[in-house]
Amino acid sequence: MTAGQYGNAPEAVRPLLTTLRRGDEKASVFAFVRKPKLADWQVNLAMKLLRARLAGQVAIPEIAEACRLSPCYFIRTFTETVGVSPYAWLIERRIEQACVLIGDNVMPIAQVALECGFADQSHLTKAFLKQMGMTPARWRQTLSQA
């Protein structure tokens with residue numbers, strides 16, 4: 001590779017250009033493209049709206065519209081900004097609420113599931129097991145033994 005081979009390309013980009021030219025690795029010129037992120041007000045608004053609908057149905061198009069974005073772009077940028085999709089973030093908050101309600105040991109787990117926006121106890125159990133590594137019943141049992 002000669003010094004003038006890539007002209008005015010910045011030093012940081014030259015190794016990528018060399019890699020692309022040789023075809024040695026799967027590299028992409030998009031590696032340097034900045035990924036879109038939500039503004040702070042959009043993140044706060046989206047989270048506020050998702051929390052407000054914690055126990056009910058969530059319409060992503062409504063939240064996207066409130067953030068002045070298309071639904072697809074909202075989902076992509078929310079995921080890039082927060083680290084998880086809006087739905088995954090909502091499920092995490094529902095599980096947090098379920099942990100509190102289960103810990104209170106006042107209502108049956110089936111009722112906790114409905115209070116937290118899950119379709120039924122089975123839906124809660126699957127999501128709870130995935131996130132917490134144990135079933136809601138085991139969680140309740142563990143808390144009562146502590």
Side-chain angles (χ1 to χ4, degrees), residues 6 8-146:
Y6 294 111
N8 294 330
E11 286 293 322
V13 177
R14 289 182 186 177
L16 176 63
L17 294 174
T18 302
T19 300
L20 289 173
R21 184 171 164 266
R22 285 193 319 241
D24 292 346
E25 302 172 18
K26 289 186 177 181
S28 171
V29 292
F30 297 109
F32 293 105
V33 175
R34 198 176 104 196
K35 297 196 177 190
K37 302 251 183 180
L38 292 176
D40 288 342
W41 71 268
Q42 291 171 314
V43 173
N44 293 334
L45 178 61
M47 289 179 176
K48 178 182 173 184
L49 293 173
L50 286 167
R51 276 192 187 98
R53 294 173 172 89
L54 201 60
Q57 294 288 329
V58 174
I60 294 296
E62 290 177 16
I63 297 171
E65 185 178 333
C67 292
R68 300 181 192 151
L69 300 169
S70 73
C72 291
Y73 190 76
F74 168 73
I75 292 169
R76 187 169 23 137
T77 54
F78 185 95
T79 303
E80 187 63 36
T81 305
V82 178
V84 294
S85 70
Y87 180 74
W89 187 88
L90 178 69
I91 294 298
E92 288 174 2
R93 301 300 77 76
R94 286 178 174 174
I95 296 295
E96 287 173 4
Q97 183 183 15
C99 286
V100 172
L101 294 175
I102 291 168
D104 290 344
N105 207 6
V106 175
M107 62 178 78
I109 292 174
Q111 184 63 34
V112 169
L114 298 176
E115 291 288 324
C116 295
F118 291 97
D120 54 26
Q121 183 174 346
S122 175
H123 186 202
L124 168 64
T125 300
K126 287 177 187 174
F128 200 95
L129 184 60
K130 183 177 179 181
Q131 185 170 326
M132 301 299 290
M134 65 178 74
T135 64
R138 173 71 77 181
W139 175 263
R140 178 172 274 171
Q141 184 181 30
T142 303
L143 291 177
S144 67
Q145 291 174 355

Which atom of [X] lies closest to which atom of [Y], heavy atoms considered:
X: Phe74; Y: Pro86; answer: CE2-CG, 3.8 Å
X: Ile91; Y: Gln131; answer: O-OE1, 4.1 Å
X: Thr77; Y: Pro36; answer: CG2-CB, 3.6 Å
X: Ala98; Y: Leu124; answer: CB-CD1, 3.9 Å

The criterion is side-chain contact (heavy atoms from CB on, under 4.5 Å); which residues satisfy it with [X], sequence neighbours excluded?
X: Gln42; value: Leu38, Ala39, Cys67, Leu69
X: Thr135; value: Thr125, Leu129, Ala137, Arg138
X: Ala52; value: none
X: Ala55; value: none

Hey, could you give me each pair passing side-chain hydrogen bond (donor to acceptor under 3.5 Å, both in side chains) that has a residue in residues 57-75? Not counting sequence neighbours. Arg53-Glu62

Quick one: side-chain hydrogen bond (donor to acceptor under 3.5 Å, both in side chains) pairs with a partner in residues 95-111, sequence neighbours left out? Arg93-Glu96, Asn105-Arg140, Gln111-Glu115

Between atom [atom1] of [X] and atom [atom2] of [Y], what is the distance when rounded to the nearest 0.5 Å?
X: Leu114; Y: Ile109; atom1: CG; atom2: CD1; value: 12.5 Å
X: Cys116; Y: Ile102; atom1: SG; atom2: CD1; value: 7.5 Å
X: Asp40; Y: Leu45; atom1: CG; atom2: CG; value: 12.5 Å
X: Phe128; Y: Arg94; atom1: CZ; atom2: CZ; value: 15.0 Å

side-chain contact (heavy atoms from CB on, under 4.5 Å) assessment of Tyr87 paired with Thr79: CA-CA 10 Å; Tyr87 180 74; Thr79 303; over 6 Å; no

Sequence neighbours excluded, which residues qualify as side-chain hydrogen bond (donor to acceptor under 3.5 Å, both in side chains) partners of [X]?
X: Asp120; answer: none
X: Glu80; answer: none
X: Glu92; answer: none
X: Arg76; answer: none

Go through Phe78 and Ile63 one step at a time and tell me if the side-chain contact (heavy atoms from CB on, under 4.5 Å) criterion holds. CA-CA 11 Å; Phe78 185 95; Ile63 297 171; over 6 Å; no

Would you say NZ of Lys37 has more than 12 non-hydrogen atoms from neighbouring residues, nucleotides or ligands within 6.0 angstrom? yes

Side chains of Val112 and Pro136: closer than 4.5 Å at any heavy-atom pair? no

Pairs satisfying ring-ring contact (aromatic ring centres under 6.0 Å, His included), at least one member in residues 98-117, at least two apart: none

